[in-house]
Amino acid sequence: MTNKDDQKYIAGLLFGDATLTPEECEEKYPPRGVGEGVAITRLGPSPTGFIHLGNLYMAFLNAKLSAQTDGVLILRIEDTDRKREVAGAVEVLISSLAYFGVQFNEGVMYDAQADVISERGSYGPYYQSARGEIYKAFVKRLVEEGKAYPCFLSEAELTEMRSLQEQQKVTPGVYGAWARYRNATAGEVEALLAEKRPYVIRFRADEEDGTYVEAADGIRGTLRMPKNYMDVVILKSDGLPTYHFAHVVDDHLMRTTHVIRGEEWIASLPVHVALFGALGWDVPLYCHSTVLMKIDEESGNKRKLSKRKDPELSLEYYRSTGYHPQAISEYLLTIINSNFEEWRAENPDAPISAFQMSTEKMGISGILFDLEKLQDVSKEVLLRIPAGELAAFLLHWARLYDEDAYRAMSRDEEKLARILDIGRSGDKPRKDLAYAKQMRDFIAYFYDELFEKQDDWPGNAAADAGVLLAGYLETLDLADDRDTWFDKIRQLAVANGYAAKPKDYKKNPEEYKGHVGDVSSVIRIALTGRASSPDLYEIQQILGEEAVRARLAAHI
RNA sequence: GGCCCUGUGGUCAAGAGGUUAAGACACCGCCCUUUCACGGCGGUAACCCGGGUUCAAUUCCCGGCAGGGUCACCA
């Protein structure tokens, strides 16, 4: 067994150059002195340059909880894996989250306008790669106390050990008797160091003894797991901490109250609890959320969203498809707390900040992402947005994703608003606008350059199309009120052998070629290029005399 | 394989020891309507399985099974 003096000596050997002590750190990052119930949360993404809906979900959870308790949401960049780092990832991350309404009030900040990244807050640095001295202070202390030790096992040795363990059918890993450097003497360590052998720092675990650790979880009640007995790596050979260590040190020093993270972390909870214990700190309230899943095409089973396999779930997809950020937020909220929908129905106009979510109400079984539900939520959300704002939103989207549409629609924003508002007023508003791309396609025919002429008439009216349109054109007067206008269509129908009312036709189908609906379908197709559209009268009013006549004439 | 989490309609989900087991989305039908992606009405569809406790279990317990997660010098 390494003795006390050896431990001190090894710590000095390894971290003699430490510039900070644990006590200094505690002093520099004092408790925040916030009241009970205030949530200090944080998001700790690794800058790999890709975020999907699942990440947003997690970010949203953190943001919501801190916001509703007047707490703090910190952005801490967990850039301890240099191999996976992607340039520009932080900018993408922050601006994507900002687009969907997640704002940080402490940590790494990004000013998209000026393209400047900065840090805000007195608990930094907020890049883990810049916190080396802090980690060092605490690792050194752990080594001094014999709670951590340098391990010189090489990658090859580790692999070899693992296959041996597999042969023997024992749990693979560095623990117990397998932890070869656990009790190395100061002399041995010094010699290895002199050889410039690379090493990592491992956290010394207790022996496997069948006891359990428990930790409170805001979502799941109490979590109970077998105690950790693996000597996990806390400092990698490049001197950077692993997630386990960085999480514990950072969340303590940043005075995080709620650690909200995905359930994939439950398995390493015992390590974290042990680490908090070894450092003499209180454990924060963990909230292990379920992860978003989807059906895997290959196996047909559920699986969690993956960066690699699901590019269509990237936030960029939702942005480019033109989902309104508010819609995404509300969808997320409906899966976070199932009483949200009910609340929304009762408070149709309240901002979502007025909704109080609770971690206890969160579900704990895997959630399958449901695009159709998203679309429905989105329709509801868009319905509550005034046409003017909707027009601005559409334009903003088109400017980035559809130049042609932008050129056409931006000429007259007021007209665009009128178009989008068709059928949206009154007690039974149309609930059919879901996202920008669909809106664009939906209203394209209002613009000559986007309009696609079509002459796929309803079967029985095909032969008469030209005649019907010519007749319609003859009596057309945009100044007519709606009833007068439609009466004319009825007359036109009758004059050409069509029933004035669909019911008449149904009664005696053999007496007619069709009914007034067929006639207006012909007009609709000529005018809009499609078989279904909102109210024709309103469409004509917006289209204007000239365009209406031109489109009708084109088929005669 | 070990450990952990989870099993209520296709999806998201309420729910309680005794209920006709909510609701939303989707789906189907009918209606309204000049068309419709709108609206109205109605409908199909669920407690994973087996034991145990109990007068009574979908609900509590145990065991299976299924799905998920995790077992890295990645987070």
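Order of the sequence lines sets the chain letters (A, B, ...), proteins ahead of strands, with each chain counted from 1. Worth saying up front: this structure is predicted, and the values here are computed from it rather than measured.
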Report summary line: The contact string for nucleotides 70-75 of chain B, one letter per nucleotide 5' to 3', using protein heavy atoms under 4.0 Å with B, S and - for base, sugar-phosphate only and none, comes out as S--BBB
Query raised in the report: Among B/C12, B/C25, B/U34, which is the nearest nucleotide to the side chain of A/Ile367?
Result: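 Of B/C12, B/C25, B/U34, B/C12 is nearest to the side chain of A/Ile367.
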Report task. Name the closest nucleotide to the A/Lys503 side chain, picking from B/U33, B/U35, B/A13. Result ->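 Of all the options, the side chain of A/Lys503 is nearest to B/U33.
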To the nearest angstrom, how far is [X] atom [atom1] from [N] atom [atom2]?
| X | N | atom1 | atom2 | value |
| --- | --- | --- | --- | --- |
| A/Arg524 | B/U33 | CZ | P | 15 Å |
| A/Lys373 | B/G10 | NZ | P | 17 Å |
| A/Ile422 | B/C36 | CD1 | P | 17 Å |
| A/Ile266 | B/G2 | CD1 | C1' | 17 Å |
| A/Trp457 | B/U34 | CH2 | C1' | 15 Å |
| A/Lys361 | B/C12 | NZ | C1' | 17 Å |
| A/Glu330 | B/C12 | CD | C1' | 16 Å |
| A/Ile489 | B/U34 | CD1 | P | 11 Å |

Taking only the [atom1] atom of each, what is the distance from [N] to [M] in whole angstrom?
| N | M | atom1 | answer |
| --- | --- | --- | --- |
| B/A13 | B/A26 | C1' | 14 Å |
| B/G51 | B/A57 | C1' | 13 Å |
| B/A14 | B/G7 | P | 10 Å |
| B/G40 | B/G23 | P | 15 Å |
| B/U6 | B/A45 | P | 31 Å |
| B/C55 | B/C41 | C1' | 42 Å |
| B/G63 | B/U53 | C1' | 15 Å |
| B/G52 | B/U20 | P | 27 Å |

[X] near the nucleic acid: base, sugar-phosphate alone, or nothing, with a heavy-atom cut-off under 4.0 Å?
| X | result |
| --- | --- |
| A/Ser365 | sugar-phosphate |
| A/Asn339 | nothing |
| A/Gly366 | sugar-phosphate |
| A/Phe442 | base |

Report task. Ignoring backbone atoms, establish whether A/Lys431 has a side-chain N or O less than 4.0 Å from OP1 or OP2 of B/G39. Result ->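 It does, given that an N or O in the side chain of A/Lys431 lies less than 4.0 Å from OP1 or OP2 of B/G39.
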Below 4.0 angstrom, N of the basic side chain to O of the carboxylate: do [X] and [Y] qualify?
| X | Y | answer |
| --- | --- | --- |
| A/Arg180 | A/Glu157 | yes |
| A/Asp535 | A/Arg482 | yes |
| A/Asp421 | A/Arg424 | yes |
| A/Lys513 | A/Asp518 | no |

Requested in this report: Quick one: list whatever passes ring pair (Phe, Tyr, Trp, His ring centres under 6.0 Å) with A/Tyr229, sequence neighbours left out.
Outcome: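 Ring pair (Phe, Tyr, Trp, His ring centres under 6.0 Å) check on A/Tyr229 returns A/Tyr175.
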Query raised in the report: Under the ring pair (Phe, Tyr, Trp, His ring centres under 6.0 Å) test, which residues partner A/Phe486, sequence neighbours left out?
Result: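 With neighbours one apart ignored, the set is empty.
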Query raised in the report: So, the side chain of A/Asn62 versus the backbone of A/Ala59: is there a donor-acceptor pair under 3.5 Å, distance only?
Result: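 No: the side chain of A/Asn62 does not pair with the backbone of A/Ala59.
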**Report entry** Atom CD of A/Glu195 with >12 non-hydrogen neighbours under 6.0 angstrom
**Finding:**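 Correct, the count exceeds 12.
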Query raised in the report: Looking at the rings of A/Phe355 and A/Phe340, which for Trp means the six-membered one, are their centres under 6.0 Å apart?
Result: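 Distance test on ring centres: under 6.0 Å, yes.
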Query raised in the report: With ring centroids as reference points, do A/Phe60 and A/Tyr331 lie under 6.0 angstrom apart?
Result: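 No, they do not, as the ring centres are separated by 6.0 Å or more.
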Query raised in the report: Which residues in residues 492-502 of chain A have at least one heavy atom lying under 4.0 Å from any atom of RNA chain B?
Result: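 RNA chain B contact set from residues 492-502 of chain A: A/Pro502.
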Query - Under 3.5 Å donor-acceptor pair, A/Arg430 side-chain atoms to B/C36 base atoms - result: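 Yes.
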**Report entry** Base B/U35 to side chain A/Ser532, donor-acceptor N/O within 3.5 Å cut-off
**Finding:**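 It does not, because no donor-acceptor pair links the side chain of A/Ser532 to the base of B/U35 below 3.5 Å.
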Query raised in the report: Relative to the 5' end of RNA chain B, which residue comes earlier, A/Leu374 or A/Gln438, by the nucleotide with the nearest heavy atom?
Result: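 Closest to the 5' end, via its nearest nucleotide, is A/Leu374.
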Query raised in the report: Taking for each residue the nucleotide of RNA chain B bearing the nearest heavy atom, is the 5' side occupied by A/Pro226 or by A/Thr290?
Result: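 In this pair, the answer is A/Pro226.
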Requested in this report: Step by step, work out the side chain to side chain contact (heavy atoms under 4.5 Å, CB included) result for A/Val232 and A/Thr242.
Outcome: CA-CA 9 Å; A/Val232 297; A/Thr242 57; over 6 Å; no
Requested in this report: Would you check if A/Leu193 and A/Leu14 make a side-chain contact, meaning some heavy-atom pair closer than 4.5 Å?
Outcome: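 Yes, close enough: below the 4.5 Å cut-off.
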Report task. Taking the side chain as every heavy atom from C-beta outward, state whether A/Pro45 and A/Ile77 have any pair of such atoms under 4.5 Å apart. Result ->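 A/Pro45 vs A/Ile77: side chains touch.
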Report summary line: Writing each nucleotide of RNA chain B 5' to 3' as (, ), [, ], | or . by Watson-Crick or G-U pairing under 3.5 Å yields (((((((..(((.....[....))).(((((.......)))))....(((((..]....))))))))))))....
List, one per line, each side-chain donor-acceptor pair under 3.5 Å for residues 264-276 of chain A, sequence neighbours excluded.
unit_1   : atom_1 : unit_2   : atom_2 : d
A/Ser268 : OG     : A/Trp265 : O      : 3.3
A/His272 : ND1    : A/Arg261 : NH2    : 2.9
A/His272 : NE2    : A/His244 : ND1    : 2.8

